[in-house]
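Taking it in order: structure first as structure tokens, then the write-up.
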Amino acid sequence: MMEGELYDVLVVGGGINGTGIARDAAGRGLSVLLCEKDDLASHTSSSSTKLIHGGLRYLEYGEYKLVRKALQEREVLLRGAPHIIWPLRFVMPHVPSLRPAWMIRAGLFLYDHLARRELLPGSRGIDMRRHPAGAPLVDSIKRGFVYSDGWVDDARLVALNALDAHERGAIIKTRTRLAGAHRGDGFWHATLAGNDGATQDVRARSIVNAAGPWVSELLKDSLGSATHSQHSVRLVKGSHIVTKRLFEHDHAYIFQNPDKRIIFAIPYEHDYTLIGTTDLEYHGDPSKVAISPEETAYLCESINRYFRKHIAPKDVCWSYSGVRGLLEDENAENASAVTRDYLLEVDAPTNEAPLLSVFGGKITTFRKLAEEAVDKLAGALESPARTKTWTAGAVLPGGDIEDANFDRFEASLRQQYPWLPAALVHRYGRAYGTRVQTLLGRAKSLADLGEAVAPGLYEAELYYLRDHEWATCADDVLWRRSKLGLHTEGESLEDVIGRIDGWFANRREQAPLPSPSSRTAA
């Protein structure tokens, strides 16, 4: 029997942790294969509140180490991906019956000073009767506080990590699951199974289990008796709703609830407000998670406690839910209190190939998690790669924007492509950064971008997403590579999905196009 191709690292899981680890490892010269059973960021990593933040509320649980680590990462990520990550100011209205002002001031002072800040301004108190953020709120809100964190397009963050890994030599296989693996002769012998029924046998010097909410299931079902773990994950469901825009300014809100939870209301996709999240224990299949009527009502009630204009479930334009596989914490009384920190467990029997499993984590700390994971792997593999950390000063694809100044970059795009509508320049710049040059190629007019398959979505972008970002269907495009599913401009969403799926189906057998920079758009 012919031996399968050999890789240094087989990463299982195409979420933020898996793609981050694949990127770091490939950048250190390790040969990497990543498999993901669905699309990149199909589950947890596209279902976050889309924040790069230290986690202000975690201070109440004594998670100082985690908060400090996350605060340090904020500015690393702001510099490394200024097109998809940017600063955001948060307003916290003060409700004396929930937390005294001195406690909030003390928490914000600690938040400001736990880690060095260069890009983000500090916190301050505000008079809600004078500040623009006070206008949409009920009259009883007289004062509040403002502090800084960051916004991220979470699903694009995953796609860009995968793209960077690929450009550094990694093989990325979506719609491909790990059917099984066993140790032997110092290697892992793994079988991968595609959605089309095809299988592939490979060998790996190590496996990374970055399956998120499926991490324990993978250990039990796909790796079986070959491994032994001392840890497990606690599944926590988080749901969000999206409504038409509830306020006109560019700040976000963080609201305190009587149950001690907090709810965010965030400007979203220009015309909308993103509201969330819930924290509930979850015991079902993570791939079938959905918001419940009770969660929708809870989020609406939380908003109505603060806003003059009330919302109801009928006002929800879209909702999404995700399941986080958090590190099991027996001391946490409820889902909100479960730690968001991570643990990396290495199972490395003598003379056998190592397995590294990722338990927990949050999107803000993914880069640090990946760096530590590859350090551990390199140590287990006795590879010099453990000494070559590199991601702290690197940019993600499209992020090589001069001085990380997006506004100036967008202005230069408008000069370079005067025929592009301003809204499209902004969206392309935000989504692709400097890679917009690759997408547009030699195009000199909208006609050069091909057919408008959906409002604001031209064939040139579909080709780019197919050939560079592993998109294969409408869901990949409308809800993960973009949020164009919210912007169908009066067209039936079903019709838009049908046209995009038809476009992919008609070109599935086509070879990938050459780089748009070396062709003229048809």
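- Here the side chain of Arg308 pairs no donor or acceptor atom with the backbone of Val138 at under 3.5 angstrom.
- Heavy atoms only, all atoms of each residue included: Tyr58 and Leu66 are closest at CD1-CD2, 4.2 Å.
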Please walk me through it: do Val453 and Glu461 pass side chain to side chain contact (heavy atoms under 4.5 Å, CB included)? CA-CA 10 Å; Val453 183; Glu461 187 172 7; over 6 Å; no
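- Atom-to-atom distance recorded for Leu51:CG and Asp149:CG is 7.0 Å, nearest 0.5 angstrom.
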Which pairs would a plain distance check flag for residues 77-88, meaning a side-chain donor or acceptor within less than 3.5 Å of a matching protein atom at least two apart in sequence or in another chain?
from, atom 1, to, atom 2, distance (Å)
Arg79, NH2, Glu118, OE1, 2.6
His83, NE2, Pro397, O, 3.1

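- Side chain of Arg23 to backbone of Leu160: no donor-acceptor contact under 3.5 angstrom is found.
- The two residues Pro455 and Glu489 have their closest heavy-atom pair at CB-OE1, 3.7 Å.
- For the atom pair OG of Ser42 and CG of Asp475, the computed distance is 8.5 Å after rounding to the nearest 0.5 Å.
- For Lys69 and Tyr342, the positive end sits near the middle of the six-membered ring, less than 6.0 Å away and at most 45° from its axis.
- Ser45 places a side-chain N or O within 3.5 Å of a backbone atom of Ile16 that can act as its donor or acceptor partner.
- Asp341 and Lys65 are not joined by a salt bridge, as no carboxylate oxygen comes within less than 4.0 angstrom of a charged side-chain nitrogen.
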How far apart are the C-alpha atoms of Arg408 and Asp403, what are their side-chain angles, what is the distance that settles it, and do they pass the salt bridge (charged side-chain N to carboxylate O under 4.0 Å, His left out) test? CA-CA 9 Å; Arg408 193 165 63 209; Asp403 298 327; 2.8 Å; yes
Tell me, with the steps shown, if Glu295 and Lys237 meet salt bridge (charged side-chain N to carboxylate O under 4.0 Å, His left out). CA-CA 10 Å; Glu295 286 177 288; Lys237 174 187 178 184; 2.8 Å; yes
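- Ring-centre distance between His487 and His270: not below the 6.0 Å cut-off.
- What you find for Leu59 and Tyr64 is that their closest heavy atoms are CD2-CD2, 3.6 Å.
- Taking the ring centre of Tyr320 as origin, the terminal cationic atom of Arg480 falls outside the region bounded by 6.0 Å and 45° from the ring axis.
- The main-chain N or O of Asp39 is never found under 3.5 Å from a side-chain atom of Thr174 such that the two would form a donor-acceptor pair.
- Screening residues 86-114 for salt bridge (Lys or Arg N to Asp or Glu O under 4.0 Å), with sequence neighbours left out, gives Glu60-Arg99.
- Between Phe307 and Leu137, some side-chain heavy-atom pair lies under the 4.5 Å cut-off.
- The pair Arg129-Asp127 meets the salt-bridge criterion, with a side-chain N (NZ, NE, NH1 or NH2) lying under 4.0 Å from an Asp/Glu carboxylate O.
- Annotation: side chain of Cys317 is in contact with side chain of Tyr272 (closest heavy-atom distance under 4.5 Å).
- Donor-acceptor pairing under 3.5 Å is recorded for the side chains of Asn257 and Ser302.
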Salt bridge (charged side-chain N to carboxylate O under 4.0 Å, His left out), that's the test. Do Glu281 and Arg234 meet it? Break it down for me. CA-CA 8 Å; Glu281 297 279 353; Arg234 187 167 176 177; 2.5 Å; yes
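- Taking every heavy atom of both residues into account, Arg117 and Pro121 meet most closely at NH1-C, 3.4 Å.
- Checked by atom type and distance alone, the side chain of Tyr147 never pairs as donor or acceptor with a backbone atom of Leu56 at under 3.5 Å.
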For the pair Arg57 and Lys260, evaluate side chain to side chain contact (heavy atoms under 4.5 Å, CB included) and give the outcome as yes or no after the intermediate values. CA-CA 10 Å; Arg57 71 185 180 92; Lys260 296 188 176 182; over 6 Å; no
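- At a threshold of 4.5 Å between non-hydrogen side-chain atoms, the residues Leu424 and Leu446 count as touching.
- We find that Glu371 and Arg367 are joined by a salt bridge, their nearest charged nitrogen and carboxylate oxygen being less than 4.0 Å apart.
- The two residues Ala22 and Leu34 have their closest heavy-atom pair at CB-CD1, 3.9 Å.
- Sparse packing is recorded around CZ of Arg68, with 12 or fewer heavy atoms of other residues, nucleotides or ligands lying under 6.0 Å away.
- Atom OG1 in Thr273 sits 8.5 Å away from atom CD1 in Ile311 (nearest 0.5 Å).
- Side-chain rings of Tyr428 and Tyr417 stay apart, their centers remaining 6.0 Å or farther from each other.
- Val215 is not listed as a side-chain neighbour of Val358, based on a closest heavy-atom distance of 4.5 Å or more.
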For a salt bridge (charged side-chain N to carboxylate O under 4.0 Å, His left out) check, start with the C-alpha distance between Arg116 and Glu75, then their side-chain angles and the critical distance, and finish with the verdict. CA-CA 9 Å; Arg116 182 178 177 182; Glu75 299 209 358; over 6 Å; no
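- Residue Gln256 comes nearest to Leu98 through the heavy atom pair O-CD1, 3.5 Å, listed as atom of the first residue, atom of the second, then distance.
- Taking the six-membered ring where tryptophan is involved, the planes of Trp151 and Tyr268 are perpendicular, since the angle between them exceeds 60° and thus also 30°.
- No side-chain donor-acceptor contact under 3.5 Å links Thr19 to the backbone of Gly14.
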One pair to check against side chain to side chain contact (heavy atoms under 4.5 Å, CB included): Phe409 and Thr434. What are the steps and the verdict? CA-CA 9 Å; Phe409 168 70; Thr434 58; 3.9 Å; yes
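- Note that NE2 of His310 and CZ of Arg305 are 10.0 Å apart. Values are rounded to the nearest 0.5 Å.
- Using a 4.0 Å cut-off between charged nitrogen and carboxylate oxygen, Glu63 and Lys362 do not count as a salt-bridge pair.
- The aromatic rings of Tyr432 and Tyr464 sit perpendicular to each other, their planes meeting at more than 60°, with 30° as the lower class boundary.
- Between the Arg435 side chain and the Thr438 main chain, no donor and acceptor come within less than 3.5 Å of each other.
- Residues Leu71 and Tyr111 meet the side-chain proximity criterion, which asks for heavy atoms closer than 4.5 Å.
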For side chain to side chain contact (heavy atoms under 4.5 Å, CB included), just list the numbers for Leu219 and Ser357, CA-CA rounded to whole Å, side-chain angles, deciding distance to a tenth of an Å, and then say yes or no. CA-CA 9 Å; Leu219 286 169; Ser357 295; 3.6 Å; yes
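- Checking side-chain atoms of Thr488 against main-chain N and O of Gly485 turns up no donor-acceptor pair under 3.5 Å.
- No donor-acceptor distance shorter than 3.5 angstrom exists from the side chain of Asp271 to the backbone of Lys244, with no hydrogens or angles considered.
- For Tyr253 and Tyr306, the distance between ring centers is not under 6.0 angstrom.
- Remark: side-chain polar atoms of Lys50 are paired, donor with acceptor, to backbone N or O of Ser46 under 3.5 angstrom.
- Two residues are said to be in side-chain contact when any heavy atoms from C-beta on lie closer than 4.5 Å; Val12 and Trp214 fail this criterion.
- You'll find the side chain of Leu396 reaches within 4.5 Å of the side chain of Leu157, heavy atoms only.
- You'll find the side chain of Leu235 reaches within 4.5 Å of the side chain of Val233, heavy atoms only.
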Verdict with supporting geometry, His240 and Thr49, side-chain hydrogen bond (donor to acceptor under 3.5 Å, both in side chains): CA-CA 8 Å; His240 297 76; Thr49 313; 2.8 Å; yes
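- The environment of Lys142 atom NZ is dense: over 12 non-hydrogen atoms of other residues, nucleotides or ligands sit within 6.0 angstrom.
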